[in-house]
Amino acid sequence: MNSLPRQVKIVEVGPRDGLQNEKASVPAAVKIELVDRLTSAGFRNIEAASFVSPKWVPQMATSAEVMAGIARKNGVIYSALTPNMQGLTAALAARADEVVIFGSASEAFSQKNINCSIAESIARFEEVAKTAKDNGLRLRGSISCSFGCPYQGDVPLDAVADVVGRMRDLGCDEIDIADTIGVATPRKTQAVMERAIREFRVDALAGHFHDTYGQALANIYASLEVGISIYHSSVSGLGGCPYAKGATGNVATEDVLYLMQGLGIETGIDLDIVVDAGQFISHFLGRKGASRAGNAIAAKRAN
Ligand code: HMG
Ligand code: MG
């Protein structure tokens, strides 16, 4: 049996990937409280904002206010999505620690999500990447539809590898291999990850799994087996993607933490505080959270 990493980094993406898909506007004060609760849980990296067009994703229009209002903790990386120079300028003004350029391994999805081809997106990211680096920011690249696309179906391994190489050449410190629509299964996950590892450092590749088909935890385990040690998750399983119809949220953070605890893998995160944060945001949204572990722990507490 392959040995698993002894510790992993969990990137909490609920305040961005999670909330961006909520139809009803969530006030900045609620987003700020959510981020602050997550900070106190011990995350080293929280995706807190997205400087995209408010016409495309209205929920993220308060990103500057959120970044200005959060109580930052030393050493924690607060990330923001920046699709272009306009986004980067806003992220710099908001004092983001890390910016995320987001592309796709699928041409069709690239057009729907950011209104340009893959090649055009990479050309657009060049200036964003250079300016981010010149300003001392960390740079992350995210690759949507690495395991399948809602518009074109199959996505070849070489298409993923090609975008990983381009993101690497842009100077990314970290690259996310994203299952936008949650279609991957474990063997496929390993094939994609192993191909990505040929292009970029294994310790700087991240698994970003949506849980649409209930496979995310299995895919994380499969990724651990091939040495991936960074995972994205969303408190209470919030989320989806506005440009991937039917896609549900990211894998729930509470479920990932429960898995890691059981495997004896260190995360540095307090699961109980994350459960509280999940209850807080679910209560605000007026529905039961989507984390199985979170709901189980909350039910046990109530007994
Ligand atoms: P466009 O319409 O081609 O851009 O959109 P444009 O440059 O022609 O600008 C059009 C208008 O947008 C202008 O305003 C700009 O000022 C404004 P107008 O003159 O019409 O009033 N604009 C902006 N406003 C604020 N901030 C900006 C910005 N840029 C332009 N940064 C664009 C191109 C990329 C901007 C647009 O397609 C967009 O915002 N897309 C964002 C889509 C998005 O946020 N998707 C969800 C996040 S990605 C994701 O969830 C996947 C991920 O989780 C991984 C996974 O699961 O796969 C990361
Ligand atoms: Mg996502």
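Below, all heavy atoms of this structure are taken into account, side chains as well, without hydrogens, waters or symmetry copies.
- In this structure, Leu217 is not a member of the same hydrophobic cluster as Val11, with clusters built from ILVMFWY side-chain heavy atoms closer than 4.5 Å.
- The hydrophobic cluster containing Ile269 also contains Val275, counting ILVMFWY residues as joined when their side-chain heavy atoms lie under 4.5 angstrom apart, directly or transitively.
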### Task
Using the side-chain contact (heavy atoms from CB on, under 4.5 Å) rule, take Ile265 and Arg6 through it: C-alpha gap first, then chi angles, then the decisive distance, then the call.
CA-CA 5 Å; Ile265 296 175; Arg6 290 177 47 190; over 6 Å; no
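- For Tyr231, there are no ring-ring contact (aromatic ring centres under 6.0 Å, His included) partners, not counting sequence neighbours.
- No side-chain heavy atom of Ile143 sits less than 4.5 Å from a side-chain heavy atom of Phe102.
- In the hydrophobic clustering of this structure, Leu139 groups with Ile114; members are Ile, Leu, Val, Met, Phe, Trp, Tyr whose side-chain heavy atoms approach within less than 4.5 Å, directly or through other members.
- Within the 4.5 Å cutoff, the side chain of Val100 has heavy atoms near those of the Ser79 side chain.
- Of all the heavy atoms in Thr189 and Ala184, the pair that sits closest is OG1-CB, 3.6 Å.
- Across Val155 and Ser106, no two heavy atoms sit closer than the pair CG2-CB, 4.1 Å.
- Ion pairing between Glu254 and Arg292 fails under the 4.0 Å rule for side-chain N and carboxylate O.
- Other residues, nucleotides and ligands place more than 12 heavy atoms under 6.0 Å from the CZ atom of Phe200.
- Residues Glu225 and Gln190 are in side-chain contact: their nearest non-hydrogen atoms beyond the backbone lie under 4.5 Å apart.
- Using a 4.5 Å heavy-atom cutoff, the side chains of Val52 and Thr82 are not in contact.
- A donor-acceptor pair shorter than 3.5 Å can be found between the side chains of Thr39 and Tyr78.
- Between the side chains of Ser104 and Asn113, not a single donor N or O lies within less than 3.5 Å of an accepting N or O.
- Put simply, the side chain of Leu205 does not reach to within 4.5 Å of the side chain of Met193, judged on heavy atoms.
- Under the rule for a ring-ring contact (aromatic ring centres under 6.0 Å, His included), the partners of His232 that lie at least two apart in sequence or sit in another chain are His208.
- Between Ile228 atom CD1 and Leu4 atom CG the span is 12.5 Å, to the nearest 0.5 Å.
- Residues passing the side-chain hydrogen bond (donor to acceptor under 3.5 Å, both in side chains) test with Ser142 are Asp176, sequence neighbours excluded.
- Checked against salt bridge (charged side-chain N to carboxylate O under 4.0 Å, His left out), Arg201 has the following partners two or more places apart in sequence or in another chain: Asp203.
- In terms of heavy-atom proximity, Ala91 sits nearest to Val99 at CB-CG1, 3.7 Å.
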### Message
Using the rule given for side-chain contact (heavy atoms from CB on, under 4.5 Å), can you reason through Ile177 versus Val164, listing the C-alpha separation, both sets of side-chain angles and the distance that settles it, and then say yes or no?
### Response
CA-CA 8 Å; Ile177 308 298; Val164 172; 3.7 Å; yes
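- For the side-chain contact (heavy atoms from CB on, under 4.5 Å) with Glu47, the qualifying choice from Arg16, Glu98, Gln20, Glu12 is Arg16, the only one to do so.
- Closest heavy-atom contact between Phe51 and Ser63: CE2-CB, 3.6 Å.
- Val163 and Ile230 fall into different hydrophobic clusters, defined by Ile, Leu, Val, Met, Phe, Trp and Tyr side-chain heavy atoms under 4.5 Å apart, directly or through other members.
- A heavy-atom distance below 4.5 Å is found between the side chains of Asp173 and Lys133.
- Applying the salt bridge (Lys or Arg N to Asp or Glu O under 4.0 Å) rule to pairs touching residues 255-271 yields nothing, sequence neighbours excluded.
- No donor-acceptor pair under 3.5 Å is formed between the side chain of Arg140 and the backbone N or O of Cys172.
- Between Val256 and Ser233 the shortest heavy-atom distance is CG2-CB, 4.1 Å.
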### Query
Should Thr131 and Met85 be marked as a side-chain contact (heavy atoms from CB on, under 4.5 Å) after you check the CA-CA gap, both sets of side-chain angles, and the distance that decides it?
CA-CA 9 Å; Thr131 313; Met85 282 306 289; 3.6 Å; yes
#### Entry: Residues Glu174, Arg168; criterion salt bridge (charged side-chain N to carboxylate O under 4.0 Å, His left out); working and verdict
CA-CA 8 Å; Glu174 229 167 88; Arg168 174 201 61 214; over 6 Å; no
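- Side-chain atoms of Ser121 never come within 3.5 Å of backbone atoms of Gly103 as a donor-acceptor pair (strictly under, hydrogens ignored).
- With sequence neighbours excluded, the residues satisfying side chain to side chain contact (heavy atoms under 4.5 Å, CB included) with Arg166 are Ile122, Asp162.
- Residues Arg301 and Asp276 are paired through a salt bridge, judged by an N-O separation under 4.0 Å between the basic side chain and the carboxylate.
- Under the 4.5 Å side-chain criterion, counting only non-hydrogen atoms from C-beta, Cys145 is not in contact with Tyr151.
- Checked for salt-bridge contact, Glu33 and Arg37 meet the test: a charged N lies under 4.0 Å from a carboxylate O.
- Note on Arg287 versus Glu22: salt bridge recorded, some NZ/NE/NH1/NH2 to OD/OE distance being below 4.0 Å.
- Formation of a donor-acceptor pair under 3.5 Å by the Asn295 side chain with backbone atoms of Gly289 is found in this model.
- Not a single donor-acceptor pair under 3.5 Å links the side chain of Arg44 to the backbone N or O of Gly268.
- In plain terms, the two heavy atoms of Phe109 and Cys149 that are nearest each other are CB-SG, 4.0 Å.
- Side-chain atoms of Thr253 come within 3.5 Å of backbone atoms of Ser234 as a donor-acceptor pair (strictly under, hydrogens ignored).
- Counting heavy atoms from C-beta outward, Ile281 and Leu19 have side chains that approach closer than 4.5 Å.
- Remark: side-chain polar atoms of Asp17 are not paired, donor with acceptor, to backbone N or O of Val13 under 3.5 angstrom.
- Note on Leu34 and Met60: same hydrophobic cluster, where clusters join Ile, Leu, Val, Met, Phe, Trp and Tyr whose side-chain heavy atoms are under 4.5 Å apart, directly or indirectly.
- Judged by distance alone, the side chains of Thr62 and Lys31 do bring a donor and an acceptor atom under 3.5 Å apart.
- At least one donor-acceptor pair under 3.5 Å links the side chain of Gln59 to the backbone N or O of Val26.
- A donor-acceptor contact shorter than 3.5 Å is absent between the side chain of Ser236 and the backbone of Leu238.
- Shown here is Lys73, whose NZ atom has more than 12 heavy atoms of other residues, nucleotides or ligands within 6.0 Å.
- Here Lys188 does not pair with Asp154 in a salt bridge; the nearest charged N to carboxylate O distance is not below 4.0 Å.
- Ile273 contributes atom CD1, which lies 11.5 Å from atom CG of Leu257 (distance to the nearest 0.5 angstrom).
- Under the 3.5 Å distance criterion, with hydrogens and angles disregarded, no donor-acceptor pair is assigned to the side chains of Gln152 and Glu107.
- Considering CG of Asp97 and CD1 of Ile77, their distance stands at 7.0 Å, rounded to 0.5 Å.
- Side chain of Thr212 to backbone of Thr248: a donor-acceptor contact under 3.5 angstrom is found.
- The main-chain N or O of Tyr213 is found under 3.5 Å from a side-chain atom of Gln215 such that the two form a donor-acceptor pair.
- Within 6.0 Å of NZ on Lys112 lie no more than 12 heavy atoms contributed by other residues, nucleotides or ligands.
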### Trace of the side-chain contact (heavy atoms from CB on, under 4.5 Å) decision for Tyr221 with Leu263
CA-CA 10 Å; Tyr221 191 83; Leu263 292 171; 3.7 Å; yes
